[in-house]
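Residue numbers begin at 1 in each chain, while the letters A, B, ... track the order of the sequences. Remember, predicted model here, so these are calculated numbers, not experimental data.
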Amino acid sequence: MFRPEEMVKIEVITLSRFKDPLLTYLHEAGAVEIRELDVELAQRDSPNEYHRKAASYSITISRLADFLRAYRKASGGGIKAFIFPPERKKRKYRYEGIEKLIKDVEDFLSVVEPEVKAVENRITSTQAEIERIKENIAVLELLSAIDLDVEYLRHSGLVEVVVGTVERQKFEPMLKELREVTEGRIAVASRDMKDRILAVFAFLRKDYERANPVLAKYSLERIEVPEGRGRPRELIPVYQEKLNEKERELEEAKEEAAKMAELYYDDVVFYQELMENERDKATVLPMLARTNMTFALTGWIPRKDVPEILEGIKNVTNGKAYINVREPKKEELEDIPIKLKNPGWARPFEMLTEMYGVPRYDEIDPTPIIAFTYSFFFGFMLTDFLYGLIVGIVAALLVKGHRKFNDGTYKFAYTLLWSSVFTMAMGILFGSYFGNAGDIILQYITGNPEAQFPRITDPLKDPMFVLMLALAIGLAHLFMGYSIGFFVRWKNGDVKGALLEQFPWMLIILAIVLYAMPSKPEGALLGAKALFGVGLVLFAIGEIAANGALAALLLISDFFGFVGTWLSYARLMALALATSGIAMVINVLADMVWGIKISIVPLGIVIGAIIFIGGQLFSTAINALGAFVHSLRLQYVEFFGTFYSGEGKPFSPFKSKREVSELELEA
Amino acid sequence: MDPIVYVSLGAALAAGLAGAASAFGVGVAGAAAAGVVAEDEKNFKNALILEGLPMTQSIYGLITLFLILLSAGIIGGGFKFTANTPDNIVKSAILFGAGLTVGLTGLSAIPQGIIASAGIGAVAKNPKTFTQGIIFAAMAETMAIFGLVGALIMIATGVGL
Amino acid sequence: MELGTLSGILNTTLAVVFTWVAYKTGSYIYKYTPYSYPNARINAMEAKLLSEQRFNELAESRTLQNFVVNLEDTEYRDYLAGVSNYIIEEVERALDRALAGSYELMFKMLPKRSRDFFRLLLEEWDVRNIASVVKAKMAGEPASDYVVELGPMLPKVKAMAEAKTMEEILVVLEGTPYEEPYQKLLLGELDVSAFETELYRIYYGKLMEYAASRAADERKIIEEFLRMKIDKLNILTALRAKAAGMKAEEIRHLLIEGGSLNLEPVLHVDDLSMAIAELDSTKYGPVLREVREEVERDLSVLEKALDRHIITRMNELVRFYPLSIATPISYALKKEAEVRKLKAIAKLIEDGARPEVIKGIVGEEV
C-alpha cells in the first residue's frame, strides 16, 4: 500500500533455438516488460518469414471474422448480457512453435477462406449487379422522355450516336459550335430536365473526332445506354424482372452466409486470436539483440514474480541460459515502469489513479486515500438515501456479473458501490429520501404535517451550514495533500522543496482553522496570526527562490490561486443542494398533477407516478454523473495539485490477450 | 417595478438563460459526438458522457427557479410581496439578482460545450485523453457552480425559504 | 437621487450587459459550432491513419496482391475492392481515388462558409494534369500515362489526353481560366515552364482571392497555409534555376506572387550553395539547416523537408485553433502524405525491392 510494486531488471542470454519457446512462455506469463537492448557488438533481431505471414493472416482472418459476424444470428444481447456477460469458452491449442502454428492456420484457411470468399463474392457481385440494374432503370426512365428505340441510341458504325446531359445555358452555344465543326452534318433530339438538357446527337463517323473536343469543352455528361431492344418504356419491366430475380439470389446468398457463420465463426475467432498474439509477439523482436547462435533480452519484472519466471525460463531453456537479476540503478529511476500495488479492497480504485497518471517510482501511491475521499465526495454531492440505494443496486449487480472478468466495468462498478454506501449514509444524515418525498409520505402516514425524518439540518433551509461544512472538508483535504507532499519530499531528501512549497500552506491552513474555531481558547488568535505570518513569509521565500524577479507578480496570483482552490470545494455544497433541489422539483410537479381526476378516473395518479419514477431515475443518472465528474475533479485538480505528479510510466508487460484461446506449452 | 415583475423575471432568467445555454452547449458537443461515432462506434460511451456535461447548468437554473418561486411563496401558499413596500421591493430585487446570477453564469454551458466538443475529438484520436477531457470541460462549470452558491446564499440569507 | 433615475440607470446597465452577452454568445456559437461535427470526425479519422508499424508490415508484403490484402482492414478497402489484376497502375489509381474521396468528404462535412476551399484545393490536380498532358504532347509521348485521376476537370483532361492535335486541346480548354496561357503557349509567347508557372499562378491567385474573402481565423489560417505552399514552390523553383545557372531576370518571372518570402537576394547570387546560404536567414532557415548536406546533391530532400515543415506548422495551428479549418487542412496533408507513401511502397514492391530497402526509402518520406 502507498508504494508501487518493487521492480528489478532481468537480463537473459540464451541460444537462438530457444527464442520462439522462450518468447512464447514470457508472452503467456505476462510478467515482464521487455525493453530495448542497447548493445553495439550484436545485431538487432527482426521478424522472419513466419512473423510476416502471421501479420498477413491476422488481417485476412479478421476480415473473415468481420464478414461472418455481420451474418451471424444474434444471440443474447440486451441488458442481461450486459450485467451478466457469459464467460467465453477457451479452446486449447497445443503450441509447438510458430512454424507449426502457421501451417495449421494455412490448413484452416485453405478450407475456409475459399468458401467464405465465394459467398462474399456472390453477395458483393449480386449487390453490384442490383445497383447496375437500378442505374439502368433510372437511365431508362430518363430516356423514356425521348421515345427512341434503345438500339438506335447505342448505335455505332458509320453513324455515331452520343447520349448525354448538359447544363441548360450551355446547350445552345454547344449546338451552334457542333454545327460549325460538322458543317451541319448532325442530327439532334433533346428534352428539358429541370436545369439540364438531355440530348441525343448523331454524327458521321468522320466528323466525330472533330465534335468530341467540343462535347468535352461544354462538359457533356455522357450516359451509358443499357442493353436491350425496344423503346425505353417497354424495357423497364424487363429490367424490373431481372432486378427481382437478383434480389432473390441475394437473399439466398445471405442465408448461405449465415450458415457459414454458424459453422466457422468460432473457429475463425479462435485462429484470429492466435494470429494476433503472434503478431503482437513479433513487435518485441526489434528490441532483442542477436548473434549467430544466441540472443539476448532485457526488461523489468516485479520482484514477487522473479522466482516463478526464473523457474519458467530454466524449464524452457533446459537450464542453458545466462540470467541476471539486479536492483535498479539510481539513474534508472525515471525509467522504472510502475505497477500499482494495493490490497484487494482498494485495487479497483487504481483505475482512478491510472486515469490521471501513475506515480513516479519514488512517489506515494494515493490510491488508498482517494478510495475514501473520492467515494465520500461522491456521496456528499449526491446526498440521498434512495438515490444511493439505486446506484448501489445497479453497481452491486454489475460487480457480481463482472467480477470474474476483472474488467473496466467491474472496477468502475466497485468504485460506485463504495460511493453508494457514502451516499446512503449522507442521505440518512440529512434526512433525504428522494429529496423531500420521504417526508411527504411520512407526513401522510402519521397525519402530522410537521413530521420529518431525523436530520442534522435541512440543506435547502440552511445552505450556509452546508457551505461551511464543505469548506471545512476542503481545508482538511488540502491539509492532507500538503502533509503527504511534505513527508514524501522530506523523505526523498528534497528538504528545501518540502519546507518552501508544502510547509507554508500547512501553516496557513492551521492558522485558518485556529481563526475559525467557534470557541477560541486563550491565545488562539495570536497563534493563528503567528502561524499565518510564518507561513506567508516561507511562501514568499519559496516564490522568490523559484521564480526570481517574477515572484512579485506570482506571489499574488499564487496566493489567490490557493484561495480559489479552497473555494472550489463549494461545489460539494452546490451539487448536494442541486440534488435535493431537483428531487424537490420532481416531487412538486408530481404533487401538482396528483389530484387531477377526469370524472372518477384518477388520471393524475398515473401521470404523477410516471413523472415521479421517471424523473427520479433521470435525476439519479444526471446527478450521479455530476457527482462522478466533480468528485474526480476535486481529486485530480485540487488534491493532486498539492503533492502529486503522476509522471510515472505505467507497467505494460509483454503479455498475450486470450479470450477464446489457451496455449498448452511444451514442458 | 412591482415585486412580482422582479420575482418572475428573476426566475425566468435563471431557468431560461441557463437552459438555452445548456441547449447550445449540448448541441455543439452532440454534433461532435455524432461525428466521432460516424467514424467508429466504439467512441459512443466516451462521447455520451462528455456530451452530457453542459447539461448541469440548466439544472442549476431550474433549481434556482424553484427556490425563487418557493421563497416568494408562489409555490406553496400565496405571493408574499403583494404590497409595494420598500422592504418587499428589496427582497424581490434580491431574488431577481439571484436569478440573474445563475442565468448569466449558466452561459458557461456554451464554452463548456465547445470544450467538450474539442475533447470528444481528442478522445477519438487518443482514448487516453478521456479523463483530461472531462476535467477540462468541468473547469468551465466552476463559474456556474459559484453562481449557484452565490444565488443560494442570496436567497437563503437575503429572503429566506 | 430619484427612484426613477435609479431604475433608469439600472435598466440601461442591464440592457448594455445583455446586448454584450448576446453579441458575444452569438459570435462564439457562430464561430465554433459549424466545426464541431467535422473536426471531431476528422480527429476520429486521424486515429485511423496508418501507423509506423503498419507501414513496416506493408513494406514486408513482397507482392502487390499481399499489399492489397494487408490494406483490407483499412479505409482503403472500398477503393481497392475493384482491383483484380494487381498491376501497379490499378493500385495507384485506387489510391488516388481514395485521396479524392477524403477531399470530397471534407467538402461534404465542412460548413458552407469554408468548404469551397477543398474544392479549390482539388484543382491543383487539374493544374498538374494539364501541365503534364501538355508536356507529354509536346514531347510526343502518350499523354494518358501521366494523368492522375483526380481533379474537378478530369473529363476535360482525359479529352485533352485523347486529342490528336494541339489545337484540339485549345478547343477543350476554351472558356476555362487556363485558355489564355495555353493560347500564348501555342503562339510561342510562353515556353513550357513559363506556361506551367502561369497555371500555378492562376491556381494560387484563385485560392488567395478565396482566402481574402474569408473572415477572422479562417482567413488567417488559410492564408498562412497558402503562403507556405507558395514559398515552398518558389524556393524550389529558385534553387533549381540557380542550380541550372539561370539569371535573375529569367527566374523572376517563374516565381509566383503571394508568398511571404522575398526571394530577390537569392536570385542575384552566383550558385546553388550561395543561394542556400542566403535562405538561411529567412524563416525557413531551420528547415534548411536540417537537410543542409543532402540538399546540394538532391533538391527533392528539401521538398520533403518543406512538406514536413508545413505539416508541423499546421499541427501547431490545430492545437491553437482546435475548432477551425486548420484541422481538416492538416488532415488532408497527412492523408496526402500517407497516400504518397503507399504509392511509393506499391511501386517499390512492383520493382521487386527488398523489404529493408523499402523501409529505408519510405521511412525518409514524410
Side-chain angles (χ1 to χ4, degrees), chain B residues 1 5-6 9 13 17 20-21 23-44 46-47 50-51 84 86 89 93 96-97 100 103-129 133 136, chain C residues 3-4 6-8 10-11 13-49 51 73-75 102 105-106 108-111 217 315 318-324 326-328 330-331 334:
Chain B
M1 279 193 283
V5 180
Y6 279 123
L9 250 184
L13 284 177
L17 270 184
F24 277 121
V26 173
V28 177
V36 296
V37 172
E39 277 308 309
D40 193 344
E41 287 159 25
K42 281 197 209 79
N43 293 319
F44 175 71
N46 291 346
L50 277 163
E51 189 200 345
N84 213 345
I89 289 186
F96 172 72
L100 192 60
L104 286 182
T105 53
L107 288 176
S108 63
I110 296 173
Q112 191 176 18
I114 291 166
I115 301 170
S117 159
I120 288 170
V123 171
K125 196 146 80 173
N126 176 9
K128 283 188 190 137
T129 57
F136 291 146
Chain C
L3 204 68
L6 205 66
S7 64
L10 215 100
N11 289 346
T13 320
L14 273 181
V16 170
V17 166
F18 270 97
T19 321
W20 183 77
V21 163
Y23 170 73
K24 270 286 165 198
T25 314
S27 60
Y28 222 68
I29 290 170
Y30 173 78
K31 190 170 162 193
Y32 293 115
T33 315
Y35 284 107
S36 191
Y37 174 88
N39 285 17
R41 187 160 169 193
I42 289 167
N43 274 319
M45 280 154 66
E46 257 183 56
K48 290 193 198 163
L49 286 176
S51 63
D73 58 346
T74 64
E75 301 286 292
S102 52
L105 184 64
M106 301 286 125
K108 266 189 220 145
M109 291 193 301
L110 284 173
D217 289 352
N315 276 342
V318 168
R319 284 197 288 278
F320 224 81
Y321 309 97
L323 289 177
S324 73
T327 308
S330 148
Y331 175 77
K334 284 179 201 157

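- Proximity to chain C involves both the backbone and the side chain of B/Pro111, based on heavy atoms less than 4.5 angstrom apart.
- To the nearest 0.5 Å, atoms CD1 (B/Ile110) and OH (C/Tyr28) are separated by 9.5 Å.
- Contacts of C/Tyr35 with chain B are absent, with no heavy-atom separation under 4.5 Å from either backbone or side chain.
- Interface residue B/Ile114: backbone and side-chain heavy atoms are both found under 4.5 Å from chain C.
- Highest contact tally toward chain B, considering only C/Pro34, C/Ala47, C/Ser36, is held by C/Ser36 [criterion: heavy-atom pairs under 4.5 Å].
- By the neighbour-count criterion of 12 heavy atoms within 6.0 Å, atom CZ of B/Phe44 is sparsely surrounded, having that number or fewer from other residues, nucleotides or ligands.
- Contacts of B/Ala122 with chain C are made by backbone atoms alone, with heavy-atom separations under 4.5 Å and no side-chain atom involved.
- The structure places NZ of C/Lys24 at 13.0 Å from CG of B/Leu107, a figure rounded to the nearest 0.5 Å.
- In this structure, no portion of B/Ile115 lies under 4.5 Å from any heavy atom of chain C.
- Comparing B/Gly121, B/Ala29, B/Pro127, B/Ala47 by heavy-atom pairs within less than 4.5 Å of chain C, the highest count is held by B/Gly121.
- Shortest non-hydrogen contact noted between C/Leu323 and B/Ser117 is CD2-OG, 3.8 Å.
- Within a 6.0 Å sphere centred on OH of C/Tyr321, heavy atoms belonging to other residues, nucleotides or ligands number more than 12.
- Closest approach of C/Tyr37 and B/Ala34 over heavy atoms only: CE1-C, 3.6 Å.
- Atom CE of C/Met45 is separated from atom CD of B/Glu39 by 5.0 Å, given to the nearest 0.5 angstrom.
- A 4.5 Å side-chain heavy-atom check between C/Leu14 and B/Leu100 finds at least one atom pair inside the cut-off.
- Of all the listed residues (C/Val17, C/Leu49, C/Thr25, C/Ile29), the one sharing the greatest number of non-hydrogen pairs under 4.5 Å with chain B is C/Ile29.
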